[in-house]
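To find a chain, count down the sequence lines: A is the first, B the second, and so on, and within it residues start at 1.
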There are 2 protein chains.
Amino acid sequence: MTISQVSKEYIELIPNLFKSFQRLNQKSSNLTHLQNQILEFVFMNHNPVTIKQISEGLNVPKQQMTDLLKRLFDWGYITKSQNKNDKRSFVIELTEKGKTSQQEKWTKIYQSFVNDLSKLDSEEQQDLQYALHKVNYLLKKMED
Amino acid sequence: MTISQVSKEYIELIPNLFKSFQRLNQKSSNLTHLQNQILEFVFMNHNPVTIKQISEGLNVPKQQMTDLLKRLFDWGYITKSQNKNDKRSFVIELTEKGKTSQQEKWTKIYQSFVNDLSKLDSEEQQDLQYALHKVNYLLKKMED
DNA sequence: GAATTTAGTAAATTATTATTTACTAAATTC
DNA sequence: GAATTTAGTAAATAATAATTTACTAAATTC
């Protein structure tokens with residue numbers, strides 16, 4: 001086994017998930033593309049994030065964040081509270097409404113996957129579960 | 001094993017690839033976000049695609065495509081030729097310049113992955129390769 | 001083969017995003 | 001503790017993206 005062989009498989013994996021990702025990026029309901037990306041980013045991080053983290057994570061200048069977040073706040077998608085460790089910064093979290101808006105998209109991805117699963121027989125489904133589990137475990141380990 | 005267990009693992013996989021996907025969506029050099037998405041979409045599809053396919057795939061109205069594609073064409077990223085099977089439609093392909101612009105991003109993802117791999121021992125790397133291979137094989141089978 | 005649908009273009013208007021410069025106040029550095 | 005860096009805000013301008021209406025010409029339908 002070489003490093004390049006594993007990496008090749010990883011690179012191949014990305015297009016296989018492309019359609020699912022496209023769904024996440026699509027704008028839902030009344031939110032713009034960028035607003036969605038922000039919600040998605042916060043949702044994905046599980047923990048509260050600062051404005052700077054969002055700004056850097058999405059490669060959007062912090063100057064733009066002010067207005068974007070203000071609107072998301074006004075519309076009830078996020079909360080914004082002072083960071084206790086650093087009074088200069090703020091911590092952004094999703095409200096229930098914000099979470100729901102994201103979860104809807106995941107539900108669709110889930111359903112679409114379940115639907116496609118019927119193309120595998122039950123042994124293959126079992127194999128897929130095991131392999132996915134392993135991949136998830138090891139990718140998480142790599143992130144630390 | 002239940003369907004929901006496999007699906008859960010799949011859903012869990014998506015956040016594990018989130019960072020790699022973020023990189024693909026980031027605007028490179030002098031292209032806007034949407035222009036990038038278009039190149040990415042064409043690149044990912046391997047085969048030539050029609051304007052309609054891009055429009056539907058990215059959920060961007062076809063009216064917008066005209067200008068977007070014109071600019072990408074003028075800048076030498078894509079070619080546009082009449083579809084022989086349907087004279088109403090056009091077929092979009094990437095030029096070498098267009099391909100290169102996308103490949104650069106993949107190279108970075110690749111390098112970043114190789115770097116993180118060092119956090120796994122050699123047995124784990126072997127396991128990861130096998131598991132990724134299986135996942136890729138089965139996900140592809142599901143798409144047919 | 002007339003009527004309808006489909007793929008794409010055109011143009012105008014509005015809404016978002018991006019970019020630049022300048023500013024506060026808290027945190028760090030020396 | 002003065003000087004500098006950092007997180008975020010403010011406001012103006014330019015560039016893109018989104019939306020709407022209207023139009024061609026090829027393909028389908030009946």
Is any side-chain heavy atom of [X] closer than 4.5 Å to a side-chain heavy atom of [Y]?
X: B/Leu31; Y: B/Tyr77; value: yes
X: B/Met142; Y: B/Leu139; value: yes
X: A/Thr50; Y: A/Ile92; value: no
X: B/Leu128; Y: B/Leu117; value: yes
X: B/Val91; Y: B/Ile51; value: no
X: B/Lys119; Y: A/Lys141; value: no
X: B/Leu34; Y: B/Gln64; value: yes
X: B/Lys108; Y: B/Arg23; value: yes

From [atom1] of [X] over to [atom2] of [N], roughly how many Å is that when rounded to an integer?
X: B/Asn59; N: D/dA17; atom1: CG; atom2: C1'; answer: 14 Å
X: B/Leu31; N: C/dT17; atom1: CG; atom2: C1'; answer: 16 Å
X: B/Lys80; N: C/dA7; atom1: NZ; atom2: P; answer: 15 Å
X: B/Asn36; N: D/dA17; atom1: CG; atom2: P; answer: 10 Å
X: B/His33; N: C/dT19; atom1: NE2; atom2: C1'; answer: 18 Å
X: A/Ile54; N: D/dT9; atom1: CD1; atom2: C1'; answer: 15 Å
X: A/Leu34; N: C/dA18; atom1: CG; atom2: C1'; answer: 10 Å
X: A/Ile38; N: C/dT16; atom1: CD1; atom2: C1'; answer: 12 Å

Given pairs defined as Watson-Crick or G-U wobble with both distances under 3.5 Å, what dot-bracket annotation applies to DNA chain D, with ( ) intrastrand, [ ] crossing, | other strand and . unpaired? ||||||||||||||||||||||||||||||
Close approaches to DNA chain D from residues 41-52 of chain B, in residue order (heavy atom, under 4.0 Å): none
Is there a path from B/Val114 to B/Tyr130 through hydrophobic residues (I, L, V, M, F, W, Y) whose side chains come within less than 4.5 Å of each other? no
Anything under 3.5 Å between a donor and an acceptor, one on a side chain of residues 37-45 of chain A, the other on a protein residue two or more places apart or in another chain? List them.
| from | atom 1 | to | atom 2 | distance (Å) |
| --- | --- | --- | --- | --- |
| A/Glu40 | OE1 | A/Lys105 | NZ | 3.0 |
| A/Glu40 | OE2 | A/Trp106 | NE1 | 3.4 |
| A/Asn45 | ND2 | A/Phe41 | O | 3.1 |

Parallel, tilted or perpendicular: which describes the rings of A/His33 and B/His33, with under 30° parallel and over 60° perpendicular? tilted
Return no unless some side-chain N or O of B/Thr32 is found under 4.0 Å from OP1 or OP2 of D/dA17. yes
Hey, mind stepping through B/Lys70 and B/Asp74 against salt bridge (Lys or Arg N to Asp or Glu O under 4.0 Å) and telling me if it holds? CA-CA 6 Å; B/Lys70 186 179 181 312; B/Asp74 287 346; 2.8 Å; yes
Does anything in residues 6-17 of chain A pair up under side chain to side chain donor-acceptor pair (under 3.5 Å), and if so which pairs, sequence neighbours excluded? A/Glu9-B/His133, A/Glu9-B/Asn136, A/Tyr10-B/Ser20, A/Glu12-B/Lys140, A/Asn16-B/Asn136
When you compare the side chains of A/Gln35 and A/Thr32, does any donor N or O come within less than 3.5 Å of an acceptor on the partner? yes
Are any protein N/O atoms closer than 3.5 Å to N/O atoms in nucleotides 23-30 of chain C? If there are, list each pair with its distance.
| from | atom 1 | to | atom 2 | distance (Å) |
| --- | --- | --- | --- | --- |
| C/dA27 | OP1 | A/Lys87 | N | 2.8 |

Which residues, if any, of residues 64-72 of chain A bring a heavy atom under 4.0 Å of DNA chain C? A/Gln64, A/Leu68, A/Arg71
Which one, D/dT16, D/dG8, D/dA10, comes nearest to the side chain of A/Gln63? D/dA10
